[in-house]
Amino acid sequence: MGPPSSTIQTHVLLLVWFFPHAAKSIAASNTEHSSSANSSPVDPGGRRTMGSDAVEKFRFCIDRGGTFTDIYAEVPGRSEGYVMKLLSVDPSNYDDAPIEGIRRILEEFSGESIPRSSKIPTGKIEWIRMGTTVATNALLERKGERIALCVTRGFRDLLQIGNQARPNIFDLKVSKPSNLYEEVIEVDERVELVQDGEGDGSSVEGISGELVRVAKPVDVEALKPLFKGLLEKGIRCLAVVLMHSYTYPHHELVVEKLALQMGFKHVSLSSSLTPMVRAVPRGLTASVDAYLTPVIKEYLSGFMSRFEGGSEQVNVLFMQSDGGLAPERRFSGHKAVLSGPAGGVVGYSQTLFELETTKPLIGFDMGGTSTDVSRYDGSYEQVLETQIAGAIIQAPQLDINTVAAGGGSKLKFQFGAFKVGPESVGAHPGPVCYRKGGDLAITDANLILGTVIPKYFPSIFGPNEDMPLDYEATRRAFENLADEINSHRKSQDPSVKDMTVEEIALGFVNVANETMCRPIRQLTEMKGHDTKNHALACFGGAGPQHACAMARSLGMSEVLVHRYCGILSAYGMGLADVIEDLQEPYSAVYNADSAAEASRREPLLVKQVKEKLKEQGFGDESIKTDSYLNLRYEGTDTAIMVKQPEQGSGNDYAAEFEKLFQQEYGFKLLNRKILICDVRVQGVGCTNILKPRELTPISTKPVQESSCQIYFSYGWQETPLYRLENLGYGHVLEGPAVIMNGNSTVIIEKDCKAIITKYGNIKIEISAAPSTVEIPEEVADVVQLSIFNHRFMGIAEQMGRTLQRTSISTNIKERLDFSCALFGPDGGLVANAPHVPVHLGAMSSTVRWQLNYWGDNLHEGDVLVTNHPCSGGSHLPDITVVTPVFDNGKLVFFVASRGHHAEIGGITPGSMPPFSKCIWEEGAAIKAFKLVERGVFQEEGIVQLLQSPCSEEFSGYKIPGTRRIQDNLSDLHAQVAANQRGIALIKELINQYGLVTVQSYMSHVQKNAEVAVREMLKAVASRVQKENGSCVIEDEDYMDDGSVLHLKLTLDASKGEATIDFEGTSPEVYGNWNAPEAVTTAAVIYCLRCLVDVDIPLNQGCLAPVKILIPKGSFLSPSDKAAVVGGNVLTSQRVTDVVLMAFQACACSQGCMNNLTFGDDTFGYYETIGGGSGAGPTWDGTSGVQCHMTNTRMTDPEIFEQRYPVLLHRFSIRENSGGSGFHRGGDGLVREIEFRRPIVVSILSERRVHAPRGLKGGANGARGANYLVRKDGRKIYLGGKNTVTVSAGDILQIFTPGGGGFGSP
């Protein structure tokens, strides 16, 4: 059964934007309607709209997308714009879609015949503005130019290692994007920063003001044969990144000169593209530019050659990622990847903000495979660094967040819950309705609900590409899915009523909406803004169908749909200005002298920017410049690009920085120096091309085109349908209603009101959501289960963003060593945002211990703090803050946050002593304390605990307390704030659904995770039984001191249960690699989540089918006096290896975190170093990554040398350290550090004695090793754990372990 019969009349319209995967040329399918079907006037009524006055020559705004090319044209003699949409690739009809669109429009309106084979006449073209996905597609598909990387000797693998974090912590394969370069040339050169007191006659001042010393000039002669070898291999493009070239670019220029002399066609210098400190993102940017620029230049050359007279005779500008335009010669790869999306941001921001609303805007661009989300509040929000298709790009660009949810998102029913995406059905075969045997997608759900109307869509499907969308096939597919869903529901509750196909389709749409709401909340909340105070600016073909429901869910009261919403990215090209950006590094403490020096540099940059714009034809009156300083607090990496304060404001850069920092992060850092990083000038050449035009009010009533049947939450509804071009300024439509807006369908829901504005756009006023939504409580609703999963996980993620935003320490803010979670009233984990694996599930033990300890002595306004291993902690630096939450005096749930504090006291700075033997030697140990009691922060009490560890009675000497009490207090305040954010969000949920329902779904999501784990265990048990003839597997491994970690795994295939028994594990050790039970629990839950390999929520349900038996008194369950600092970072890795080996999932990974600390009384530094991951049944291990229980980031080499008294001589992959096998293990890393002054160095590592094991015949990975090379040449083996005082010139060498191989070679 379809929807009830409709009264829709047939119109040949292009609604193809809903279906960006349609395979046939729209032009070819409607050639006899070329003017009506393909190229419809925007306003046939002749009213003046968003165009300019009638023009003398043609103007073209073009967005060449991945699937469709949209064109907005202004035509001589016409006051309204003109729209065309073509398939971007249609080789049977034309070579290039933008050229074809220009040709058709010129031919149609000039009356002259322009054959496809001839060049385009330029006499009647005023200008062309264009955005293109050529660069983006080449990056996504890895179809760029063949390039080589030139890098300082010792850093050949720098870009492959990156920040050493793995993209997905639960992916045992550790899938990383491939390198863009084919070959690496190590340049024999070195530039060193001169540190205080080291200056001599050999040093020179770099661009940034820092003193540098050329330790080794470029060996040009050694490079020549290497470059010759590249040319012989056909590689003619280079990316160059040399250490400290941001301040001393001379060596990169020498390399470029030689390369061009030898015949290379393109060289991208990191120092020219992005002269900012940090070698990794600068090098990656150079790689992207070298990889993409030749491809872009080739496309642009071909494009321009199609015009009579070439580029000299036609004015063409291209959209860049920063929202500005650039001429062909200045359009390069690293600035082109967001070309199309940037046009959309310009489009909605310049036509809606302050013209249609005073609220800040959230841009919502929903396409076929993804959705772009952005924000605008009077100025473009830009970022200086982003990651696209696995490549980091460091350049000014609009802050556009892409979500893997769109019309093509795949629909699944999995483990009793609805799932939407992140997989897409792709262009081929596409959704079921495309008649290509595809899978169900959101587009199919909208077809079932009536919000996609086949009669309004061209018939371009089927074998002959002449059939309409296949409603019947879509309905059959949903009916089959309905059988599966209803069967599951009956098994849970035999009395439940079957869900209809329409209810199921609507359920999937609701889940998709929540999937897209989650990043919108994050985008606003993480910057300190309230989502509900925004208006939703909706464009893209699919977005207006979902806008009302999403706005209501987000608490917004206003939606704006641009009249050109289907082609807004193209229209935005005509609203953009030409932008030139120049930046140079300047490193100094902000004060009167440095401010004066920055002011001296600024006019020089302004002059250069203006000259570049004048070269493009702009006069002084059309040029505007803005100056910026890139500032950060000392000791942080959080820099903010601060615009020069207006004259007369009374503010200087520092005051403006403090204001912006407090707005974004919620606090100021008192008595902390502000550092200048860069000086930047942005020049804007104002184009003033397209201007909004007001419409004349209309007094007549709106004319209804027809009506259609649409399925809403309350059932089928006969819904009036209107055409936007037949509506005028002042028309008001009460929902439910449908407005056909050219290429998009706008759904106006019940109790919402659509108003046609004076600029011809649609403003929708959204009614408030019902105060309480009633849904079943006893048995989980399969739709609401997915939505609550998203909401609970979203709350944990927003808590994490609040903590990251408001914390001070590098460990939390930049290394992301923290976790946030929410818990039921019994302390059971409901949702744990996956930040650091070693924290997963572990906080539940903490919360339950506190619940038992405090009992009835918990009150409204109390906040608890703890870090002791015996009370559910991991190691002392990980401090957990727990907040009980009450509703009408009843304890209803908990929230908690755990963060790694860089300093907590103990016998060594950094609180990670390699030789601690007792807990009190590791710092302050807190079992239970009320950090906040009935709303009052107990500062005196917490300071006493942190500064005076209880040590005298045990050791006879005083253990030092924390050395950074103010940082501790600040981060504790941040953890309290993160918990408060979680409380506020859950209370919003309770207000919406009611307490009983929210608590019920806390249980339901746990049950959902339990089902997923049980299904996985059943499958694993069947495989193990088949391979081994038994469901019992025993495995053991050794710590480097010889202590045994023994595991007996017993699987129950019928029940889907497992017993993980560590009986036989060695007793507590007289060392610090004892691991509290919470650490073992975290390791087990991590392994289970990896084995499920499905995006399930991380909660207590994961452990329900698993019994973990840990013998008391073993080093996995030590006494409360045992030292444990190494258990968290070393033993957790061994537990993980043993569990995964028992499941036969993969070989051992490096089994260590390689903890390195060094410092003195003035500073401290801590890092963990990656290694090789283990190979598996279908994959090779990955080299140089963080493995399993950690995923913290590595400090950039240039930052490392800039801030600390060190020289990094080598950071590269340790070749051939991975175990051999049918699949090889990943290789470890080599890190070689020279110290420039006497300091204390500590290394805490494992796998220096017992190698990471291979599996099923695979060889072991290489063991790690730590050496100290004294200045006099002596080489000393340090073993796995040691503390040593080094002198200036001493070198530490760390060789991290490789991963085990899998299968016989």
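- Panel note: side chain S767, backbone D751; a donor-acceptor pair is recorded below 3.5 Å.
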Check your understanding: Hey, mind stepping through E479 and R475 against side-chain contact (heavy atoms from CB on, under 4.5 Å) and telling me if it holds?
Key -> CA-CA 6 Å; E479 285 170 349; R475 188 165 189 92; 3.6 Å; yes
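- Formation of a donor-acceptor pair under 3.5 Å by the T515 side chain with backbone atoms of V511 is found in this model.
- The side-chain heavy atoms of M516 and F364, taken from C-beta on, include a pair separated by under 4.5 Å.
- Residues G566 and K85 share a closest heavy-atom pair of O-NZ, 3.8 Å.
- Here the two rings, on F788 and Y993, have centers that are under 6.0 Å apart.
- Between the side chain of H790 and the backbone N or O of I787 there is no donor-acceptor pair closer than 3.5 Å.
- No donor-acceptor pair closer than 3.5 Å links the side chain of T443 to the backbone N or O of A441.
- Judged by distance alone, the side chain of D365 and the main-chain N or O of T371 form no donor-acceptor pair under 3.5 Å.
- Note that CD1 of I710 is 6.0 Å distant from CD1 of I453, once rounded to the nearest 0.5 Å.
- Interatomic distance, M740 CE to N726 CG, rounded to the nearest 0.5 Å: 12.5 Å.
- Annotation: cation-pi pair K750/F712 absent, no NZ/CZ under 6.0 Å from the ring centroid and within 45° of its normal.
- Looking at heavy atoms from C-beta onward, C433 lies in side-chain contact with L447 at the 4.5 angstrom threshold.
- Taking the salt bridge (charged side-chain N to carboxylate O under 4.0 Å, His left out) definition, one finds that K987 meets it with nothing, sequence neighbours left out.
- G543 and C538 get closest at one heavy-atom pair: C-SG, 3.2 Å.
- Listed for the D444 side chain is a donor-acceptor partner under 3.5 Å among the backbone atoms of V432.
- Closest heavy-atom contact between R563 and G760: NH1-O, 3.0 Å.
- With a 4.5 Å cut-off on side-chain heavy atoms, Y72 and D63 do not count as touching.
- At a threshold of 4.5 Å between non-hydrogen side-chain atoms, the residues I448 and Y471 count as touching.
- The shortest distance between side-chain heavy atoms of V998 and F792 falls below 4.5 Å.
- A distance of 11.0 Å separates CD1 in I986 from CZ in R791, rounded to the nearest 0.5 Å.
- Side chains of L560 and L536 form no contact here, defined as non-hydrogen atoms less than 4.5 Å apart.
- With sequence neighbours excluded, the residues that form a salt bridge (charged side-chain N to carboxylate O under 4.0 Å, His left out) with R375 are D377, E381.
- The heavy-atom pair separating V346 from G572 by the smallest distance is CG1-O, 3.5 Å.
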Exercise for review: Determine, step by step, whether C708 and V738 satisfy the side-chain contact (heavy atoms from CB on, under 4.5 Å) criterion, reporting the C-alpha distance in whole Å, the side-chain angles of both residues, the deciding distance to 0.1 Å, and the verdict.
Suggested key: CA-CA 8 Å; C708 57; V738 177; 3.9 Å; yes
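- Annotation: side chain of N446 is in contact with side chain of H546 (closest heavy-atom distance under 4.5 Å).
- For the pair K753 (side chain) and V732 (backbone), a donor-acceptor distance under 3.5 Å is absent.
- Here the side chain of H534 pairs no donor or acceptor atom with the backbone of Y376 at under 3.5 angstrom.
- For N510, there are no side-chain hydrogen bond (donor to acceptor under 3.5 Å, both in side chains) partners, not counting sequence neighbours.
- Residues passing the ring pair (Phe, Tyr, Trp, His ring centres under 6.0 Å) test with F478, sequence neighbours excluded: none.
- Separation of the H562 and Y571 ring centroids falls under the 6.0 Å cut-off.
- Taking the six-membered ring where tryptophan is involved, the planes of W716 and Y711 are perpendicular, since the angle between them exceeds 60° and thus also 30°.
- Of the inter-residue distances, the one linking S349 atom OG with E354 atom CD reads 11.0 Å to the nearest 0.5 angstrom.
- Ion pair E472/R476 not flagged as a salt bridge, since none of the NZ, NE, NH1 or NH2 atoms sits closer than 4.0 Å to an Asp/Glu carboxylate oxygen.
- Within the structure, salt bridge (Lys or Arg N to Asp or Glu O under 4.0 Å) pairs that include any residue of residues 532-547 comprise D530-K532 (at least two apart or interchain).
- The two residues L361 and T357 have their closest heavy-atom pair at CD2-CG2, 3.6 Å.
- For the pair C565 and F539, the tightest heavy-atom approach, listed with the atom from each and the gap, is O-CB, 3.4 Å.
- For the atom pair CE (M556) and CD1 (I764), the distance works out to 13.0 Å, reported to the nearest 0.5 Å.
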Practice item. Take Y564 and N741 through the test side-chain contact (heavy atoms from CB on, under 4.5 Å) and record every step on the way to the result. Key: CA-CA 8 Å; Y564 298 151; N741 178 13; over 6 Å; no
Review point. Going through the checks in order, is the side-chain contact (heavy atoms from CB on, under 4.5 Å) test met by Y759 and E694?
Key: CA-CA 5 Å; Y759 295 109; E694 296 185 22; 3.6 Å; yes
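- Here CG of L995 is found 10.5 Å from CG of L989. Values are rounded to the nearest 0.5 Å.
- At a threshold of 4.5 Å between non-hydrogen side-chain atoms, the residues L724 and I756 count as touching.
- In this structure, the side-chain contact (heavy atoms from CB on, under 4.5 Å) partners of N486, at least two apart in sequence or on a different chain, are A482, R489, D498, M499.
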Check your understanding: Would E514 and R518 satisfy salt bridge (Lys or Arg N to Asp or Glu O under 4.0 Å), going step by step from the backbone distance to the final call?
Key -> CA-CA 6 Å; E514 183 55 41; R518 196 162 145 190; over 6 Å; no
